[in-house]
Q: 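Let me begin by handing over the structure; questions about it come next.
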Amino acid sequence: TERMLDRLRSLPGVEAASFTQHLPCIGAENHLGTFIGAPDGSERMYGASDSVVESDFFRTAGIPLVEGRGFQPFDEKGSPVVVISEALAAELWPSQSAVGKPLLIDRRVGSILRKNILAKGTWVTVVGVAKEVGFHLGRQHSRKNQLYRPAIQSMPSQMRLLVRLK
């Protein structure tokens, strides 16, 4: 996949190329499938749409990082990391930096109905906060909690190619 991206990036007129599991701006495809435990240890749960993305995704999609960093090659061998949206950061840590904070996530469908839902979840560290991405459904503008996971740590079976032209 990296060789393919390198070849695409070298084509005339191509500014950037990346892979993504889902586009955050397409609400119908990006259901709330990840559950996040409250950072304060309470039983409150937060839902978020999540997508696995390649390291150059944020630049390719034109989504700036407002805090922290994106994904790097050294993340492959490190602890699980995520980038979250501004909305999710503000909800989880109002008036605080989200970078460096741990999150407990669980991607099992329907697990919100189970007691101790996050008992088998995964601890991840927030390494970045991405600018909010809104989407339109008819006349209604919506924003939602978004969580991005690096493809280098969790490659799904299907990815979409995203290309940014000059």
Side-chain angles (χ1 to χ4, degrees), residues 1-11 14-27 29-39 46-93 96-109 111 118 120-135 143-166:
T1 59
E2 203 54 44
R3 273 189 288 161
M4 184 175 106
L5 287 174
D6 288 341
R7 289 179 76 192
L8 270 170
R9 290 172 183 144
S10 70
L11 293 174
V14 173
E15 183 177 323
S18 183
F19 285 108
T20 178
Q21 185 180 21
H22 303 289
L23 292 173
C25 56
I26 301 177
E29 288 188 40
N30 239 359
H31 55 47
L32 293 174
T34 299
F35 303 103
I36 301 169
Y46 299 86
S49 296
D50 85 79
S51 186
V52 174
V53 300
E54 195 264 340
S55 62
D56 204 27
F57 168 78
F58 298 104
R59 185 171 77 91
T60 305
I63 302 172
L65 294 174
V66 296
E67 185 183 7
R69 65 171 177 85
F71 303 124
Q72 303 294 324
F74 58 80
D75 288 326
E76 180 177 17
K77 300 211 183 317
S79 300
V81 295
V82 294
V83 170
I84 62 175
S85 64
E86 287 178 302
L88 185 55
E91 194 170 349
L92 294 171
W93 297 285
Q96 294 181 38
S97 171
V99 174
K101 298 274 198 305
L103 273 183
L104 186 58
I105 63 172
D106 191 324
R107 297 196 66 244
R108 293 174 290 168
V109 176
S111 58
L118 295 166
K120 295 183 180 176
T122 302
W123 283 101
V124 297
T125 301
V126 177
V127 295
V129 177
K131 185 82 176 151
E132 199 59 50
V133 177
F135 63 95
R143 294 174 187 225
K144 59 183 163 182
N145 293 338
Q146 183 70 39
L147 182 138
Y148 304 93
R149 295 179 294 126
I152 202 164
Q153 289 183 345
S154 176
M155 182 64 87
S157 60
Q158 293 183 347
M159 296 280 279
R160 290 178 170 88
L161 178 63
L162 184 63
V163 177
R164 181 181 205 78
L165 302 176
K166 292 180 183 175

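As the structure is a computational prediction, the values presented were derived from the model and not from experiment.
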Q: Looking at every heavy atom in both Thr60 and Ala16, which two are closest together, and how far apart are they?
A: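 Heavy atoms of Thr60 and Ala16 come nearest at OG1-CB, 3.4 Å.
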
Q: Would a distance-only check, ignoring hydrogens and angles, find a side-chain to backbone donor-acceptor pair under 3.5 Å from Glu86 to Glu132?
A: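 Yes; at least one donor-acceptor contact below 3.5 Å.
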
Q: Which pair of heavy atoms, one from Met159 and one from Val52, lies closest together, and at what distance?
A: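 Closest pair (atom of Met159, atom of Val52, distance): CE-O, 3.7 Å.
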
Q: If you apply the rule side chain to side chain contact (heavy atoms under 4.5 Å, CB included), what do you find for Phe19 with Met4, and how did you get there?
A: CA-CA 11 Å; Phe19 285 108; Met4 184 175 106; 3.2 Å; yes

Q: Quick one: salt bridge (charged side-chain N to carboxylate O under 4.0 Å, His left out) partners of Asp75, sequence neighbours excluded?
A: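 Asp75 satisfies salt bridge (charged side-chain N to carboxylate O under 4.0 Å, His left out) with Arg69 once adjacent residues are dropped.
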
Q: Any non-hydrogen side-chain atom of Leu161 less than 4.5 Å from a side-chain atom of Leu8?
A: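 SC-SC contact between Leu161 and Leu8 confirmed.
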
Q: Determine the minimum heavy-atom distance between Ser10 and Arg7, stating which atoms define it.
A: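 The pair with the smallest heavy-atom distance is OG-O, 2.7 Å.
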
Q: Give me the atom names and distance for the closest heavy-atom approach of Tyr148 to Phe71.
A: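 Heavy atoms only, the tightest pair is O-CZ, 3.3 Å.
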
Q: Output all residues satisfying salt bridge (charged side-chain N to carboxylate O under 4.0 Å, His left out) with Arg9, sequence neighbours left out; order by chain, then residue number.
A: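 If we apply the salt bridge (charged side-chain N to carboxylate O under 4.0 Å, His left out) test to Arg9, skipping adjacent residues, the hits are Glu2, Asp6, Glu54, Asp56.
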
Q: Please name the pair of heavy atoms, one in Arg59 and one in Arg164, separated by the smallest distance, quoted to 0.1 Å.
A: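 What the structure gives for the nearest pair is O-CD, 3.9 Å.
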
Q: Looking at CG of Asp50 and CD of Gln21, how far apart are the two atoms once the value is rounded to the nearest 0.5 Å?
A: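 Separation between the atoms: 6.5 Å.
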
Q: Atom NZ in Lys101, atom OG1 in Thr125: separation rounded to 0.5 Å?
A: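 These two atoms lie 11.5 Å from each other.
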
Q: Show every donor-acceptor pair shorter than 3.5 Å between a side-chain atom in residues 76-85 and any protein atom, with sequence neighbours excluded, or say none if there are none.
A:
unit_1: Ser85; atom_1: OG; unit_2: Leu88; atom_2: N; d: 3.3
unit_1: Ser85; atom_1: OG; unit_2: Gln146; atom_2: N; d: 3.1

Q: Between Ile63 and Ala130, what is the shortest heavy-atom contact and its length?
A: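 Result for this residue pair: CG2-CB, 3.9 Å.
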
